Amino acid sequence: MPKRTLVTAALPYANGPIHIGHLAGVYVPADMYVRYKRLKGEEILFICGSDEHGVPITISADKEKVTPKAIVDRYHELNKKSFERLGISFDYYGRTSSEEHRKVSQEFFLHLLENGFIDTKEEPQLYDEEAKMFLPDRYVEGTCPVCSNPDARGDQCDNCGTYLNQTELINPRSKVSGSKPVVRPTKHWYFKLSAFQKDLENFIESYAGKWRDTVVQQARSWLKSGLQDRPITRDLDWGVPVPLEGAAGKVLYVWFDAPIGYVTATKEHLPDNWQYWWAEDKDLEWLCFLGKDNIVFHTIMFPAMQMGYNKDGSFTYRLTTNVPANEFMNLEGRKLSKSRGWTIEPHEILDRYDADIIRYTIACNLPESKDSDFSWKDLQAHTNNELADILGNYANRTLTFVKNNFDGKVPDAASDEQYLNSIGEAAKEIGSLYEKCRLREATAATFDIIRSANKYFNDHEPWKLIKSNRDDAAKVLRTCLEVLRAVSTYIAPILPNTSDRINGMLSIPAGKITWDNAHLALLTGHAPLGEIKVLFPKLENEQIEAELTRMQEMATKAEQQTAPVVSNAKITIDDFKKIKLKTAKVLEAEAVPKSKKLLKLQVAVGDERRQIVAGIAEKYTPESIVGKTIVIVANLESAKLMGIESQGMLLAVNDDKGVVSLITSEKESSDGLEVR
RNA sequence: GGCGGGGUAGCUCAGUUGGUUAGAGCGUCGGAAUCAUAAUCCGUAGGUCGUGGGUUCAAAUCCCUCCCCCGCUACCA
């Protein structure tokens, strides 16, 4: 069988639009790789699709009072469209809510069950008697047992950050009916991940030194900690139903069914031939493009699932042969965050910007070895200084020169083979960078070729030759045109639209030229060229400023929406009198172990001694606070923070970066005095 | 808190089996040229390689401390 490569890109979660971070981490690099391979004439299949199950989607649906299907339909279509507009050239873009995916996932589950890698466990879980359903973590709210926040979620308390088990919540309430849920035993299915410890260690070590270091290290880190069996079912009605008797209301956990989506999509695309891309075969490679948050699922979880499936020998899945995971891309120096309004979504900006300039800016800043940054000024700089000035201007000066001096026809002259061959050599180097998934370097090296072409034009001064020796000028321009044609191939993985546009101006049909023959002289003398168009108009400062302003506005708006509602209602003096503020002298202070922010203080309030736990450790050391006279709220209900009782609260000036300064009394005053 | 990754020129990033004056692109400054979207080409300046220590004849590179950023994770390696 011929050597072939399956490329998958992590399935975007259909609970929102993809953003520029996804593009940089996964889809642009995957697409560049795939397009390169196609130009090499290699057999390749590029698979992706929407990941459409899981609790966050049902929560969004509840919030909007629509069905989960309505949510995933919306974002599936939106994202699919965005990918098309960006030229991400999937061979097939599936979705995990499809009927085929249900079948494939259930078959996978049953096969693992038969092979003995799935267990069941009974465990207590909260059940909503009114809604008649078990409640997944996030469907329960209640009082946090650690910090007493009344609105902690079943999986985590947003106030103190503690991860919780839903049964730990005090006064739990169902988000579905509002009623108080009861604890009931429920059965869940577990994948025996622990059984694959040894096999996975061998698997990962066999790729040590070949895969990116960060990927191997991350996987090792998981293995070192010892693998635990993981639950693969949840009580939910949105997802792939567990195909067993007595499993009503149980669906497969999204982490289990999502990677199977790669198989499903292949099957839907090639119903009769999908095994060609999935059956173990030394000539078949499988590359998983994904972001760093996804490494564990593709190096540990899914390989283990495949190993379990393969055990009986009826079908042997190809395990991944490379996981070129990327780090994250920040935006204007800050982390991307949809909830903070700090994001760029392709469907928003593709009306204003050529997809290729976005692809190029991303390609120049791929977060291959560490987090990188996307900024509008950077987009402007790359567009104006490189795309317009180096590539666009090279095309323009060459074509215009031919138009003005050679009647707009390819000069009928021999080209400079030595120079063309040197370009062919450079392209070989670039090819090996693509093979190694060093795509940012490949991008830079590609533009070095175009820089050399500008230099060639300069050095040979055809504008002088045309007056003294027309034949020599013809040779130079013929060469420059051939180089432009070659360049249109070399840029195709990065700038597919631009490549087509250049081919159009050269009047050559796309498709006949390969990566390996692109440097050969392939034009025909006297062939007329097409209409010359400017490839990249420059981006003006005003336009970039407008984008920055727009982003600030979005962020401000998001902040206002999420900011806690501060009541503007006036309070009476009597209300204020309810709060007893007193001075207190700090006698002792120590850091609370295992906490970042907390200090445990012993304070004197008059004759009384109190213990107060305060979140000021990031700004104050225990030593620096001992002896200070501070202000506390003396009649606050006591609370437990990290299991330590706190009898009161101290006052301090806060800003968004945390506590800035304690409120102390200006003059030395004794403790226990009232503050008014 | 634990684990993993990162902290190198104004900006975005390369660079570790330790070894001559630490690299690239962009930006800066100067020059050449004028075919071209004033676009190109050549040259210049600019870094105590996060901090503090250690190993070594020699450290951006190896070891240790600490600080900062990112991801994963949560009675836990």
Side-chain angles (χ1 to χ4, degrees), chain A residues 21 25 155-156 161-165 209 212-228 291-297 299-300 325-330 333-336 361-362 364-375 377-406 433 438 440-441 443-448 450-467 473 476-477 480 532-539 591-598 642-643:
Chain A
D155 56 344
Q156 184 181 7
T162 311
Y163 288 81
L164 301 168
N165 192 317
R212 286 188 185 159
D213 224 34
T214 52
V215 175
V216 173
Q217 294 290 18
Q218 191 86 292
R220 278 178 181 159
S221 165
W222 270 81
L223 290 167
K224 209 170 86 188
S225 64
L227 299 175
Q228 306 289 321
K292 63 177 164 181
D293 53 336
N294 232 326
I295 290 173
V296 62
F297 293 104
T299 56
I300 305 284
N326 284 313
E327 307 293 303
F328 286 171
M329 178 173 260
N330 293 323
R334 283 168 54 187
K335 229 195 300 186
L336 278 149
T361 305
I362 287 174
C364 290
N365 293 307
L366 289 175
E368 288 174 349
S369 57
K370 62 182 166 191
D371 290 355
S372 68
D373 194 54
F374 179 97
S375 74
K377 285 219 160 64
D378 193 55
L379 175 89
Q380 182 190 29
H382 280 298
T383 301
N384 292 355
N385 304 335
E386 293 167 23
L387 291 176
D389 291 353
I390 295 177
L391 173 57
N393 182 53
Y394 177 72
N396 190 252
R397 75 198 295 202
T398 302
L399 292 165
T400 305
F401 198 96
V402 172
K403 180 185 169 195
N404 292 341
N405 297 288
F406 296 95
L433 291 171
R438 290 161 69 162
R440 196 178 46 202
E441 278 179 77
T443 303
T446 302
F447 268 67
D448 282 342
I450 309 168
R451 288 189 186 91
S452 87
N454 271 315
K455 179 169 165 55
Y456 187 89
F457 201 111
N458 269 42
D459 290 350
H460 290 80
E461 302 182 313
W463 57 92
K464 285 185 186 163
L465 287 178
I466 196 70
K467 291 170 191 155
V476 170
L477 263 297
C480 287
I532 302 170
K533 287 182 188 149
V534 167
L535 287 173
F536 300 99
K538 300 244 181 153
L539 298 179
V592 174
K594 294 202 170 193
S595 82
K596 261 190 207 168
K597 294 182 178 171
L598 298 184
M642 301 278 294

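Chain letters run A, B, ... following the sequence lines, proteins first and then strands; every chain starts at 1. The structure presented is a predicted model; accordingly, all values stated were derived computationally and were not measured.
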Undergrad: Report yes if a side-chain nitrogen or oxygen of A:Asn385 is closer than 4.0 Å to either non-bridging phosphate oxygen (OP1 or OP2) of B:G27; otherwise report no.
TA: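 Looking at the OP1 and OP2 atoms of B:G27, one of them is under 4.0 Å from a side-chain N or O of A:Asn385.
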Undergrad: Can you spot which of A:Thr361, A:Thr383, A:Asn365 makes a side-chain hydrogen bond (donor to acceptor under 3.5 Å, both in side chains) with A:Asp378?
TA: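 Of the listed residues A:Thr361, A:Thr383, A:Asn365, the side-chain hydrogen bond (donor to acceptor under 3.5 Å, both in side chains) partner of A:Asp378 is A:Asn365.
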Undergrad: Over how many whole Å does the gap from A:Tyr394 atom OH to B:C41 atom P extend?
TA: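 Roughly 12 Å, once rounded to whole Å.
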Undergrad: In this structure, how many angstroms lie between the P atom of B:G23 and the CZ atom of A:Arg440, rounded?
TA: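 Atom-to-atom, A:Arg440 to B:G23, this comes out as 19 Å.
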Undergrad: Is A:Lys370 near enough to B:G7 that one of its side-chain N or O atoms lies under 4.0 angstrom from OP1 or OP2?
TA: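 For B:G7, OP1/OP2 do have a side-chain N/O of A:Lys370 under 4.0 Å.
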Undergrad: In whole angstrom, give the distance that lies between atom CG of A:Leu433 and atom P of B:G25.
TA: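 My rounded result for the distance is 16 Å.
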Undergrad: Calculate, to the nearest 0.5 Å, the distance between atoms CZ and CD1 belonging to A:Phe401 and A:Ile532 respectively.
TA: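 One gets 12.5 Å once the value is rounded to the nearest 0.5 Å.
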Undergrad: What distance, rounded to whole Å, do you find between the two C1' atoms, one in B:C57 and one in B:U65?
TA: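 So the two C1' atoms sit 26 Å from each other.
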Undergrad: Could you tell me whether A:Ser372 contacts a base, only the sugar-phosphate backbone, or nothing, with contacts defined as non-hydrogen atoms closer than 4.0 Å?
TA: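 Sugar-phosphate contact only.
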Undergrad: Take atom CG of A:Leu399 and atom P of B:C35, then tell me their distance rounded to the nearest Å.
TA: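 Spelled out: CG on A:Leu399 to P on B:C35 is 17 Å.
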Undergrad: May I ask you to say what A:Glu461 touches in the nucleic acid, namely base, sugar-phosphate or nothing, with a heavy-atom cut-off under 4.0 Å?
TA: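 If one applies the 4.0 Å heavy-atom cut-off, A:Glu461 turns out to touch nothing in the nucleic acid.
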Undergrad: Let me know, please, whether A:Asp378 or A:Leu535 comes out on the 5' side of the other along RNA chain B by nearest nucleotide.
TA: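 Between the two, 5'-proximity favours A:Asp378.
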Undergrad: Could you work out which one of B:C41, B:A36, B:C3 sits closest to the side chain of A:Ser221?
TA: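 Looking only at heavy atoms from C-beta outward on A:Ser221, the closest nucleotide is B:C3.
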Undergrad: I'd like the P distance from B:G19 over to B:A59, given in whole Å.
TA: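 Per the computed distance, 11 Å lies between those P atoms.
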Undergrad: Assess whether one donor atom and one acceptor atom, taken from the side chain of A:Asn458 and the base of B:U40, lie less than 3.5 Å apart.
TA: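 Side chain to base: pair present.
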Undergrad: Is B:U16 paired to anything, Watson-Crick or G-U wobble with both distances less than 3.5 Å, and if yes, which nucleotide?
TA: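 Its partner is none (no Watson-Crick or G-U wobble pair with both distances under 3.5 Å).
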Undergrad: Please measure how far the C1' atom in B:U44 lies from the corresponding atom in B:G10, and state the result in whole Å.
TA: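 Looking at atom C1' only, B:U44 and B:G10 are 16 Å apart.
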Undergrad: Using purine N1 to pyrimidine N3 plus N6-O4 or O6-N4 for Watson-Crick, or N1-O2 and O6-N3 for G-U wobble, each under 3.5 Å, what pairs with B:A38?
TA: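 Paired with no nucleotide.
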Undergrad: Looking for any heavy atom pair under 4.0 Å, which part of the strands does A:Phe447 touch: base, sugar-phosphate only, or nothing?
TA: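 Counting heavy atoms under 4.0 Å across all strands, no contact is made by A:Phe447.
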Undergrad: From OH of A:Tyr456 over to C1' of B:A36, roughly how many Å is that when rounded to an integer?
TA: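 That distance rounds to 18 Å.
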Undergrad: Output the distance between atom CZ (A:Arg220) and atom CD1 (A:Ile300), rounded to the nearest 0.5 Å.
TA: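 One finds 11.5 Å between CZ of A:Arg220 and CD1 of A:Ile300.
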Undergrad: Reckon A:Lys224 touches a base, only the sugar-phosphate, or nothing at all at heavy-atom distances under 4.0 Å?
TA: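 Sugar-phosphate contact only.
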Undergrad: Taking the side chain of A:Gln217 as its heavy atoms from C-beta onward, which of B:C41, B:A39, B:G4 lies nearest to it?
TA: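 The listed nucleotide nearest to A:Gln217's side chain is B:G4.
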Undergrad: Does B:C62 have a Watson-Crick or wobble partner in any strand here, with both distances under 3.5 angstrom, and which is it?
TA: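 Partner of B:C62: B:G54.
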Undergrad: Taking only the side-chain nitrogens and oxygens of A:Lys464, find out if one of them lies under 4.0 Å from OP1 or OP2 of B:A33.
TA: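 No, because none of the side-chain N or O atoms of A:Lys464 sits under 4.0 Å from OP1 or OP2 of B:A33.
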Undergrad: Taking the C1' atom in each of B:A33 and B:G23, what is the distance between them to the nearest angstrom?
TA: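 It works out to 29 Å between them.
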Undergrad: Quick check for you: among B:C72, B:C26, B:U40, whose closest atom lies nearest to any side-chain atom of A:Arg451?
TA: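 Given the options B:C72, B:C26, B:U40, the side chain of A:Arg451 is closest to B:C26.
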Undergrad: Rounded to whole Å, how long is the line connecting atom CZ of A:Phe328 with atom P of B:G4?
TA: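 Answer to the nearest Å: 19 Å.
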Undergrad: Tell me what A:Phe457 touches on the nucleic acid: a base, only sugar-phosphate, or nothing, going by heavy atoms under 4.0 Å.
TA: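 Base, at least one base atom sits under 4.0 Å.
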Undergrad: Looking at the side chain of A:Asn396, which of B:A36, B:C35, B:C41 is the nearest nucleotide?
TA: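 Among the listed nucleotides, the one closest to the side chain of A:Asn396 is B:A36.
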Undergrad: Please give the distance between the P atoms of B:A60 and B:C13 as a whole number of Å.
TA: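 So the two P atoms sit 23 Å from each other.
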Undergrad: Would one find a side-chain N or O of A:Arg397 under 4.0 angstrom from OP1 or OP2 of B:A38?
TA: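 For B:A38, neither OP1 nor OP2 has a side-chain N or O of A:Arg397 closer than 4.0 Å.
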Undergrad: So what does A:Gly226 hit on the nucleic acid, given a heavy-atom distance under 4.0 Å: a base, only sugar-phosphate, or nothing?
TA: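 The answer is nothing, as A:Gly226 stays clear of every strand by at least 4.0 Å.
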Undergrad: Could you tell me whether A:Lys538 atom NZ has more than 12 heavy atoms of other residues or ligands within 6.0 Å of it?
TA: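 Result for NZ/A:Lys538: enclosed.
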Undergrad: So, are A:Lys370 and A:Glu327 salt-bridged, with charged N and O less than 4.0 Å apart?
TA: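 A salt bridge is absent here (no side-chain N lies under 4.0 Å from a carboxylate O).
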Undergrad: Less than 4.0 angstrom between a side-chain N/O of A:Gln218 and OP1 or OP2 of B:C72, yes or no?
TA: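 So the side-chain polar atoms of A:Gln218 never come under 4.0 Å of the phosphate oxygens OP1 or OP2 of B:C72.
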Undergrad: Rounded to whole Å, how long is the line connecting atom CZ of A:Phe374 with atom P of B:C26?
TA: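 Between P of B:C26 and CZ of A:Phe374: 19 Å.
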Undergrad: Would A:Trp463 count as stacking on B:C35 if stacking means ring centres less than 5.5 angstrom apart and planes tilted under 30 degrees?
TA: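 It does: the ring sits over the base of B:C35.
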Undergrad: Quick check for you: to the nearest 0.5 Å, what is the distance between A:Thr299 atom OG1 and A:Leu223 atom CG?
TA: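 Taking OG1 in A:Thr299 and CG in A:Leu223, the distance rounds to 7.5 Å.
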Undergrad: Measure from the side-chain heavy atoms of A:Lys335 and tell me the nearest of B:C70, B:A33, B:U40.
TA: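 Nearest listed nucleotide: B:C70.
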Undergrad: Does the structure show a Watson-Crick or G-U wobble partner for B:C72, both distances under 3.5 Å? Name it, or say none.
TA: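 Because both required distances fall under 3.5 Å, B:C72 counts as paired with B:G2.
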Undergrad: What is the base-pairing partner of B:G25, counting Watson-Crick and G-U wobble geometry with both distances under 3.5 Å?
TA: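 Partner of B:G25: B:C11.
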Undergrad: Just to be sure I understand the rule, does A:Asp373 reach a base, reach only the sugar-phosphate, or reach nothing, if contact means heavy atoms closer than 4.0 Å?
TA: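 Here A:Asp373 touches the backbone only, sparing every base.
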Undergrad: Can you figure out which of B:C3, B:U34, B:G5 approaches the side chain of A:Thr214 most closely?
TA: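 Closest of the options to the side chain of A:Thr214: B:G5.
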Undergrad: When you compare B:C49 with B:G31, how far apart are their P atoms, in angstrom units rounded to a whole number?
TA: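 Taking atom P in both B:C49 and B:G31, they lie 34 Å apart.
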Undergrad: Taking for each residue the nucleotide of RNA chain B with the nearest heavy atom, is it A:Val296 or A:Ala388 whose nucleotide lies nearer the 5' end?
TA: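 Here A:Ala388 is the residue nearer the 5' end.
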Undergrad: Checking contacts here: which listed nucleotide (B:U37, B:G71, B:C35) is nearest the side-chain heavy atoms of A:Lys292?
TA: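 The answer is B:G71, which lies nearest to the side chain.
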Undergrad: Side-chain N or O of A:Lys403 versus OP1/OP2 of B:C35: is the shortest distance under 4.0 Å?
TA: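 Answer is no, no contact under 4.0 Å.
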Undergrad: How many angstroms lie between CZ in A:Phe447 and OG1 in A:Thr443, if you round to the nearest 0.5 Å?
TA: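 Output value for this atom pair is 8.5 Å.
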Undergrad: Mind listing the closest non-hydrogen atom pair of A:Asp371 and A:Lys292 along with its distance?
TA: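 Nearest pair, atom of A:Asp371 first, then A:Lys292: OD1-NZ, 3.0 Å.
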Undergrad: A:Phe457 and A:Pro462: which non-hydrogen atoms are nearest, and at how many Å?
TA: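 Answer, listing the atom of A:Phe457 first, then A:Pro462: O-CD, 3.2 Å.
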Undergrad: What is the separation between atom CG on A:Leu387 and atom P on B:U37, rounded to the nearest whole Å?
TA: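 In whole Å, B:U37 P lies 17 Å from A:Leu387 CG.
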Undergrad: Provide the distance between the two C1' atoms, one in B:G54 and one in B:G18, to the nearest whole Å.
TA: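 Pairwise C1' distance, B:G54 against B:G18, rounds to 15 Å.
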Undergrad: Can you check the distance between B:G15 and B:G25, where both ends of the measurement are the C1' atom (answer in whole Å)?
TA: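 Approximately 15 Å lies between the C1' atom of B:G15 and that of B:G25.
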